[in-house]
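Just so we're clear, the structure is a prediction, and the values are computed from it rather than from any experiment.
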Amino acid sequence: PPDRKSASGPAKVPADVIEQWVARLDSDLFIEREEATRSLIRAGRPVIAPLAKAADGDRLETATRAVRVLLQLTEAEETETAREALAALAQLKHRPVERKAARAVLDEFRETHALAEIVRLGGAERLRYRVEGREVVGQLVIGRQWKGGDDGFRLVADIRYLQTLSVHGAAVTDAGI
């Protein structure tokens, strides 16, 4: 399989070329399907929307390969590419297994990035533990060191299991809370 760096690939690929690659996912020739798959993975983020459409289509080979490429893109080093690929998988109407799995991973992805950003903005995570197989943040402190304002505070909504949120002396307005 391609390495993780290739998944974030070049930024500019003409839309018509992407559409050709997507169409070739259903080629009668195995080598063409494989080449198209590799090209789509290398192209990265620009292929996500066309692949999501193909992944929800009624052509089994095309849909299966489109899902495979989207799954590969979820491992991209570029965070936004990985997040967009997960979000695309999480919205598939005709692939319930992939949709459910992607939603769970996307929730975890958002939480991990939200916690990292909250800490970067001056918040503090205290006490993390597991309850019934779920990771719980025991306490999140937003205090005087907070540099995130109202916008940064909105990240708290991405933390699925938070026992206690302590806000004191932080530059957050009532509207932000």
Would you say D16 has more than 12 foreign heavy atoms packed within less than 6.0 Å of its CG?
yes
State which residues pass side chain to side chain contact (heavy atoms under 4.5 Å, CB included) with A82; sequence neighbours excluded, sorted by chain then number.
F109
So which atom in Y129 and which in G138 form the shortest heavy-atom distance, rounded to 0.1 Å?
CE2-CA, 3.7 Å
Taking the side chain as everything from C-beta on, heavy atoms only, tell me whether V105 gets closer than 4.5 Å to L89.
no
Among the clusters formed by ILVMFWY side chains lying less than 4.5 Å apart, do V141 and V136 turn up in the same one?
no
Hydrophobic cluster identity match, V167 and V137, side-chain contacts under 4.5 Å:
yes
By the salt bridge (Lys or Arg N to Asp or Glu O under 4.0 Å) test, which pairs, at least two apart or in different chains, include something from residues 156-175?
E111-R160
Side chain to side chain donor-acceptor pair (under 3.5 Å) pairs, two or more places apart, involving residues 98-107:
R95-E98
Between W146 and F153, what is the shortest heavy-atom contact and its length?
CZ2-N, 3.4 Å
Rounded at 0.5 Å granularity, tell me how far CG in L29 sits from CD in E34.
12.0 Å
Once you round to the nearest 0.5 Å, how far does CG of L51 lie from CD1 of I18?
8.5 Å
Hey, what else clusters with V119 if you join Ile, Leu, Val, Met, Phe, Trp, Tyr whenever side-chain heavy atoms sit under 4.5 Å?
none
Closest heavy-atom pair, A63 versus G57, reported as atoms and distance to 0.1 Å, is CB-O, 4.1 Å
Working to the nearest 0.5 angstrom, can you tell me the gap between E78 CD and E84 CD?
8.0 Å
L106-L115 co-clustered via ILVMFWY side chain contacts under 4.5 Å
no
Polar side-chain atom of T64 near backbone of E61 as donor-acceptor pair, under 3.5 Å:
no
May I ask whether V13 and L40 are part of the same hydrophobic cluster, defined by side-chain heavy atoms of I, L, V, M, F, W, Y residues being less than 4.5 angstrom apart, directly or through others?
yes
Approximate separation, where rounding is to 0.5 Å, of Q139 CD and L165 CG:
9.0 Å
Once rounded to the nearest 0.5 Å, what's the spacing between atom CZ of R33 and atom OG1 of T62?
9.5 Å
Any donor-acceptor pair under 3.5 Å linking the side chain of D56 with the backbone of H94?
yes
Group every Ile, Leu, Val, Met, Phe, Trp and Tyr by side-chain heavy-atom contacts under 4.5 Å, then state whether L86 and L92 land in the same group.
no
For A102 and A90, which heavy atoms make the closest approach, and how far apart are they?
CB-N, 3.6 Å
Which residue pairs pass the salt bridge (Lys or Arg N to Asp or Glu O under 4.0 Å) test with at least one member in residues 114-129, sequence neighbours excluded?
E117-R120, E125-R128, R128-E135
Test of understanding: with salt bridge (charged side-chain N to carboxylate O under 4.0 Å, His left out), list the residues that count as partners of E35, not counting sequence neighbours.
R24
Close side-chain approach of Q72 to R68, heavy-atom, < 4.5 Å
no
Show the nearest heavy-atom pair for residues A66 and L25, with the distance to one decimal.
N-CD1, 4.2 Å
Considering all heavy atoms, the nearest I41-L73 contact
O-CD2, 3.8 Å
Between CD1 of I118 and CG of L155, what distance do you get to the nearest 0.5 Å?
5.0 Å
